[in-house]
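Take a look at the structure below.
Because the structure is a prediction, the values reported are computed rather than measured. Order of the sequence lines fixes the chain letters, A, B, ..., with proteins taken first and strands second; residue numbering starts at 1 for each chain.
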Amino acid sequence: GDSVTQKQGQVTLSEDDFLFINCTYSTTTYPTLLWYVQYPGQGPQLLLKVTTANNKGISRGFEATYDKGTTSFHLQKASVQESDSAVYFCALVQGGRALIFGTGTTVSVSP
Amino acid sequence: AQTIHQWPVAEIKAVGSPLSLGCTIKGKSSPNLYWYWQATGGTLQQLFYSITVGQVESVVQLNLSASRPKDDQFILSTEKLLLSHSGFYLCAWSQGTGGNTGQLYFGEGSKLTVL
């Protein structure tokens, strides 16, 4: 069945460091892949969406791209700030009304 | 603008007691509605979804039930809580048309602690 795998559980960075989070997916259909961000005590919010049509998404300094050959998609940011500290989830749209989330990556950025 | 409100914000309940969590969406007609469960530090597990009043589909039940009594209201409940029900419950909505784009708008969540 459809699935997403997010292996990095925790990433610790300093301000201005480069952020890279990877996710792999498995699906039999054309994928729609998303990144959500969750700040402490809040619900997740959509950060970026990538489809086979656009291959790349950019928002708030974050960039998401996907590689069909390796069935992976990643999130990156050139220079993180302390305010980027949050949990980042990759997600895969599943047919019907489902959205499959990865296990999340906790990003901690120190000033 | 659309708003989503969940209640209560937090609950501490005893094992075996009943539970009711609610969610109201304002400013959006005929949304798709969802319940998700998140264990502390864990991923988001979809529990239920509803595309219209009175219709609820179960994805993973976890001894819970859901109902949609009004277009803008979604209720999650159980008659008997288990320790495993502890966690963060999130309600979300999406556009009712245009297929599944993956764009969900989440509420602030309800934190449940079962003792």
**Report entry** Top contributor to chain B contacts, counting heavy-atom pairs under 4.5 Å, from A:Gly43, A:Pro44, A:Gly104
**Finding:**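 The answer is A:Pro44.
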**Report entry** Contact winner vs chain B - A:Lys49, A:Gln45, A:Gln6, heavy-atom pairs under 4.5 Å
**Finding:** A:Lys49
Query raised in the report: Is chain A contacted by the side chain of B:Glu57, its backbone, both, or neither, given a heavy-atom distance below 4.5 Å?
Result: neither
Report task. With a 4.5 angstrom heavy-atom cut-off, could you sort out which part of B:Leu90 is near chain A: side chain, backbone, both or neither? Result -> side chain
Requested in this report: Assert yes or no for the condition that the ring centre distance of B:Tyr34 to B:Tyr105 is strictly below 6.0 Å.
Outcome: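 No, too far apart.
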Query raised in the report: Restricting to pairs with a member in residues 15-65 of chain A, which pass disulfide (SG to SG under 2.5 Å), not counting sequence neighbours?
Result: A:Cys23-A:Cys90
Query raised in the report: Is there any disulfide (SG to SG under 2.5 Å) pair reaching into residues 13-63 of chain B, and which pairs are they, with sequence neighbours excluded?
Result: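 Residue pairs passing disulfide (SG to SG under 2.5 Å), neighbours aside: B:Cys23-B:Cys91.
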Query raised in the report: Without hydrogens or angle criteria, can the side chains of A:Asp2 and A:Thr27 be said to hold a donor-acceptor pair below 3.5 Å?
Result: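 Result is yes, a qualifying pair exists.
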